[in-house]
J.: 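Have a look at this one.
When a ligand or atom number is given, it counts from 1 through the structure's own listing order. This structure is a prediction, so every number in the text was calculated from the model and none was measured. The figures that follow rest on heavy atoms only: side chains count, while hydrogens, waters and symmetry mates do not.
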Amino acid sequence: MRMPDVLQKKRDGHALSAREIKDVIAAYMKGEIPDYQMSALLMAIYFRGMNKEETVALTEALVCSGEVLDFSSLGPVADKHSTGGVGDKTTLVLLPLVAAAGVVVPKMSGRGLAHTGGTIDKLSCIPGFRTDLRPEEFRRQAKEIGLAITGQTPKLAPADGKLYALRDVTATVDSIPLIASSVMSKKIASGAGSIVLDVKAGSGAFMQDLDSARRLARTMVEIGTGLGRKVTAVISDMEQPLGHAVGNHLEVMEAIEILQGRGPADVTRLCLALGAEMLLLAGMAGGRQEAEEKLERLLASGRALEKFRLFVAAQGGDPGIVEHPEKLGTPLLKAALYAWQEGYISRVDARQVGVASLLLGAGRQKKEDEIDLTAGIKLYKKTGDFVAKGELLAEMYAAKRERIAAAEKTLKAAYAFSSSPAETPALLKGLITAENL
Ligand code: URA
């Protein structure tokens with residue numbers, strides 16, 4: 001393989017063979033292909049795209065660059081991945097819920113990225129909780145209690161880490177085949193037989209329009225299926241934040257409320273929908289309705305909450321946070337945002353709320369920034385609600401007054417009003433399975 005030939009082929013819109021793709025990734029990892037040639041290839045892929053066979057081959061090449069875990073001896077093992085959103089605490093609810101139903105979920109999660117939150121940051125609010133399990137601890141815990149969550153290891157799909165860093169500085173991140181192969185390589189390498197993807201669509205998501213979200217979802221399902229995994233993608237709304245809590249400690253509190261059966265309807269609904277797909281793929285239910293009813297019973301009986309407590313304790317955390325959520329931390333300052341006019345709320349823009357939360361200290365502006373785990377936003381009103389002038393819209397939490405001043409304008413800009421009743425965006429926007437690709 002000569003790299004200039006490969007570049008020319010892709011530049012001219014031809015498909016690369018699986019052999020060429022594998023050779024390129026292997027040579028890049030050995031340092032035989034310089035970054036300038038790899039950048040040129042990424043840009044050619046960005047403009048020319050990749051067909052299904054190329055995308056599967058790229059994913060496989062990324063997987064083969066590192067370790068591949070195997071949890072198949074533990075029973076029906078499932079994984080879940082969200083493409084990232086604002087107020088998305090579903091993993092904290094979904095994992096104990098499906099584990100209570102008998103599905104084993106050893107999950108690797110990430111930290112927050114830009115204006116979106118990350119599960120590892122959220123779990124770090126729990127006093128004593130460890131997010132750095134050693135591989136043998138991770139496996140043992142998954143076997144003993146059915147779930148374990150740890151930070152991502154760079155040993156899985158290391159070629160993806162290297163390529164992602166290059167994409168980040170060459171304006172080639174937002175390409176569907178590149179995103180899909182990047183996400184799926186890490187999922188495949190982490191060893192689950194079945195994977196449920198929550199692909200977000202809307203202002204707060206990577207994919208802002210439904211059509212791109214559908215294309216990304218379809219590509220990821222094709223890749224997973226092509227590599228022998230069972231994969232389903234749920235497309236869900238990210239026009240407005242999920243639930244009422246945005247920010248790490250607030251989101252853990254809200255997740256506990258959902259597990260207690262008193263959480264917001266939208267996150268609860270999404271957890272049931274994603275959980276049902278996980279049960280179906282794991283062969284633990286005969287149909288969607290049966291699966292959802294099973295999960296609803298596990299929530300109502302407190303068994304999912306009990307699993308959450310076991311999980312927190314197993315990872316060194318204090319399960320007393322369930323009765324005493326104040327143990328998750330107390331923000332130093334609180335400021336209210338009141339409605340400046342009367343009307344129906346026609347929009348609560350997820351991206352603006354995410355950015356406001358980041359400005360309050362809940363997210364990182366640079367990779368090395370420390371985050372304030374108690375910072376965030378509590379939304380009292382969402383799209384479709386009617387408010388009188390002066391009514392409480394939201395509360396901001398932060399450690400410094402200047403952070404509240406910086407976030408307030410952005411949070412205000414997230415809200416729009418209308419004089420006539422406004423429609424709430426539909427939460428579930430599509431389902432892509434291997435059968436309906
Ligand atoms: N997340 C990933 O893991 N990879 C991408 O390319 C984009 C988001």
J.: In terms of atom number and element, which parts of ligand 1 are under 4.0 angstrom from non-hydrogen atoms of Y164?
T.: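 Numbered from 1, ligand 1 contributes 4 (N), 5 (C), 6 (O), 7 (C).
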J.: Salt-bridge test for E306 and R309: reply yes if a basic N is under 4.0 Å from a carboxylate O, no otherwise.
T.: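 Counted as a salt bridge, because a side-chain N and a carboxylate O are separated by less than 4.0 Å.
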J.: Should we count NZ of K381 as having more than 12 external heavy atoms under 6.0 Å?
T.: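 More than 12 within 6.0 Å, yes.
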J.: Check ligand 1 against S182 and write out every atom of the ligand that is under 4.0 Å from a heavy-atom position of the residue.
T.: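 Atoms satisfying the 4.0 Å criterion: 2 (C), 3 (O), 4 (N), 5 (C), 6 (O).
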J.: According to ring pair (Phe, Tyr, Trp, His ring centres under 6.0 Å), who are the partners of F129, at least two apart in sequence or on a separate chain?
T.: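 Partners of F129 under the ring pair (Phe, Tyr, Trp, His ring centres under 6.0 Å) test: F311.
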J.: Examine the side chains of K122 and S109 and answer whether a donor and an acceptor come within less than 3.5 Å of each other.
T.: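 K122 vs S109: no donor-acceptor pair found between side chains.
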J.: Among all protein heavy atoms, pick out the one at the shortest distance from atom 1 (N) of ligand 1; state its residue, atom name and that distance to 0.1 Å.
T.: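 The answer is V183 CG2, 3.9 Å.
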J.: Any nitrogen or oxygen of R167, side chain or backbone, less than 3.5 Å from one on ligand 1?
T.: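 It does: an N or O of R167 is found under 3.5 Å from an N or O of ligand 1.
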J.: Who pairs with E292 by salt bridge (Lys or Arg N to Asp or Glu O under 4.0 Å), at least two apart in sequence or on another chain?
T.: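 Checked E292 against salt bridge (Lys or Arg N to Asp or Glu O under 4.0 Å); matches are R269.
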J.: Do I45 and T172 make a side-chain contact, defined as non-hydrogen atoms from C-beta onward lying under 4.5 Å apart?
T.: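 No, every pair of side-chain atoms sits at 4.5 Å or beyond.
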J.: Can you tell me if I179 has a non-hydrogen atom under 4.0 Å from ligand 1?
T.: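 Right, I179 reaches ligand 1.
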J.: Considering non-hydrogen atoms of the protein only, which is the closest contact for atom 3 (O) of ligand 1, and what is the distance?
T.: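 Of the protein heavy atoms, K186 NZ, 2.4 Å lies nearest.
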J.: For atom 8 (C) of ligand 1, find the nearest protein heavy atom and state the residue, atom name and distance (0.1 Å precision).
T.: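 Of the protein heavy atoms, F206 CE1, 3.5 Å lies nearest.
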